Amino acid sequence: MAATTHGLNFIGGEWRPPESGRTRPNISPADITDRIGDFAESGGPDVDNAVDAAAAAFPEWKALGPIRRAEYLRTVERLIEKRAEDFAAAISREQGKLLKEARGEVKRALAIIDFTAGEARRLNGVTTPAEEPRTLSYTFRAPLGVVGLITPWNFPLAIPMWKVAPALLAGCTAVFKPSPFTPLSAALLTEAFADAGLPPGVLNLVQGDIAAGEALVGNPSVAGVSFTGSLPVGVKIQEAGASRLLRTQLELGGKNAVLVLADADLDKAVKATVFGAFGQAGQRCSATSRVIVDVRVKDAFLAKLVAEVSALKPGTDICPVVNEQRMNACLNAITHAQEAGAKVAVGGSRATDGLPDGYYVQPTVLRDVPWDSEIAQEEIFGPVLSVIDCDGFDDAMRISNSVRYGMSGTIFTQDPATMFEALDRFEAGMLHVNRPGVGAYAHLPHMGAKLSQFGPPECSPQVWDFYTEWRSACITY
Ligand code: NAD
């Protein structure tokens, strides 16, 4: 794909400008003088064209069967492997994450497509006993139909991949609406599918923001919407689709805790907390944003934590946040937390020294944070970590579960019985013991509890419960 086509939509196998001709600039958050390009600002007519193209392509794509469909995924995997550095550079430039983090994301996207293609030979149903004689009864999976895939900016390649790959393998055709903050990664991913010779209309890309997302959710030919993003938008999508019983898969926010008990290995706990809280500048749904520390080890833990965090250099060790709105949200949250009684242990403001003109926030640790204050309860999605005191294991679990989200939960303790009890009691989907609270794996379900998730998980074989519906069949012979 030439650079001139980067800003276009991909509909029915063709790169096309939006019907309105409108575009929006894509600016690097690491240096706002770096204008990456102008990308389609699509609306209802573009989405409708894309859904029509996907609907037209569906019968043949469905008839192809999963094993043949997987061959396209294998080709895409090879194409991305070959251009891995281009993908990493694009991700880093438009999303802002460090190049090494972007390379990690490319690896993760490759693991997902590899796992998904391998699943082609395992899309099984079951044979069951029949009530009647000379009868065979069994179940099988049928693809859902046209699906809408709406994604955020924080993993602009991996999250689209963990929707596009299973959607296509299952036999669905798709309209992909990425975040307006990371359109280039989406264009490169779509280009890889186009270069793999995917039949026209099987995967369509519509760039844009709310208008395009709303049109996709509202199009009656869309049988399911897989969405990753914020809770308020997830709720809107659920409401918009409710009257036609739209199938949804909603992967939402988090307010994830690391619990550090009195017997914890403090050095390990500090390293894991720093990685979980400040990797990708805290812009991960599973990012550590609370560390709940037993008062008996609080001072020792804080001293080590502050030493580690003070050494992180913005721009080198920690990336900027994605846009001005996110930066201001972080800075406002820090101010409100102080009004609620928290104290800044390190960081607390915008970082500018020796940096290009970008959206850098100092890695920030807040101490003495009241467990029920806004900063301890609501997602920040930035490099701001709250340290909350607790008195023993029960109190740690109570505080951990006090939030409305439930993405990941992590505990540091040496006691095996306490580890297992914590795993029973965490109200969260992805659990960790004595290791960082972040990490997603192609073969494990990616999911949350409570308001972090609605519908079947992503990744893992559980993903088929979103992209397919069950059929039962009885044959009397
Ligand atoms: P967002 O909700 O603002 O936007 C997500 C996507 O939805 C974008 O593509 C946007 O254009 C689109 N959109 C916005 N309004 C819409 C509407 N009314 N109808 C349809 N589509 C609409 O989220 P964001 O700022 O891009 O991403 C950050 C959020 O994503 C955080 O809350 C984070 O926790 C969450 N997230 C969750 C996971 C997970 O797996 N649970 C993973 C990554 C990020």
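Counting convention: from 1, in listed order, for ligands and their atoms alike. This is a predicted model, so every value here is computed, not measured.
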Distance-only donor-acceptor hits, side chain of residues 163-175, under 3.5 Å, sequence neighbours excluded:
from: Lys163; atom 1: NZ; to: Ser226; atom 2: OG; distance (Å): 2.9
from: Lys163; atom 1: NZ; to: Thr228; atom 2: OG1; distance (Å): 2.7
from: Lys163; atom 1: NZ; to: Glu458; atom 2: OE1; distance (Å): 3.1
from: Lys163; atom 1: NZ; to: Glu458; atom 2: OE2; distance (Å): 3.1
from: Thr173; atom 1: OG1; to: Ala54; atom 2: O; distance (Å): 2.8

For residues 430-444, run the donor-acceptor check on the side chains, cut-off 3.5 Å, and write out each pair with its distance to 0.1 Å, sequence neighbours left out.
from: His432; atom 1: ND1; to: Arg435; atom 2: NE; distance (Å): 3.0
from: His432; atom 1: ND1; to: Pro436; atom 2: O; distance (Å): 3.4
from: Asn434; atom 1: OD1; to: Thr413; atom 2: N; distance (Å): 3.1
from: Asn434; atom 1: ND2; to: Thr413; atom 2: O; distance (Å): 3.0
from: Arg435; atom 1: NH2; to: Tyr441; atom 2: OH; distance (Å): 2.9

Identify every side-chain donor-acceptor pair in residues 93-100 under 3.5 Å, counting partners at least two apart or on other chains, and give the distances.
from: Arg93; atom 1: NE; to: Asp34; atom 2: OD1; distance (Å): 3.4
from: Arg93; atom 1: NE; to: Asp34; atom 2: OD2; distance (Å): 2.9
from: Arg93; atom 1: NH2; to: Asp34; atom 2: OD1; distance (Å): 2.8
from: Glu94; atom 1: OE1; to: Asn26; atom 2: ND2; distance (Å): 2.8
from: Glu94; atom 1: OE1; to: Leu184; atom 2: N; distance (Å): 2.9
from: Glu94; atom 1: OE2; to: Leu184; atom 2: N; distance (Å): 3.3
from: Glu94; atom 1: OE2; to: Ser185; atom 2: N; distance (Å): 2.7
from: Glu94; atom 1: OE2; to: Ser185; atom 2: OG; distance (Å): 2.6
from: Gln95; atom 1: OE1; to: Lys97; atom 2: N; distance (Å): 3.0
from: Lys97; atom 1: NZ; to: Glu105; atom 2: OE1; distance (Å): 2.4
from: Lys97; atom 1: NZ; to: Asn154; atom 2: O; distance (Å): 2.8
from: Lys97; atom 1: NZ; to: Gln280; atom 2: OE1; distance (Å): 2.9

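At least one cation-pi condition fails for Arg103 and Phe87: the charged atom is not both under 6.0 angstrom from the six-membered ring centre and inside a 45 degree cone around its axis.
Residue-level contacts of ligand 1 at the 4.0 Å heavy-atom threshold are Ile150, Thr151, Pro152, Trp153, Asn154, Ile159, Lys177, Pro178, Ser179, Pro180, Asp209, Ile210, Gly213, Glu214, Phe227, Thr228, Gly229, Ser230, Val233, Lys236, Ile237, Glu251, Leu252, Gly253, Cys285, Glu379, Phe381, Met407, His446.
With Asn204 contributing its side chain and Gly201 its backbone, the two residues share a donor-acceptor pair below 3.5 Å.
A salt bridge does not link Glu378 with Lys255: every distance from a Lys NZ or Arg NE/NH1/NH2 to an Asp or Glu carboxylate oxygen is 4.0 Å or more.
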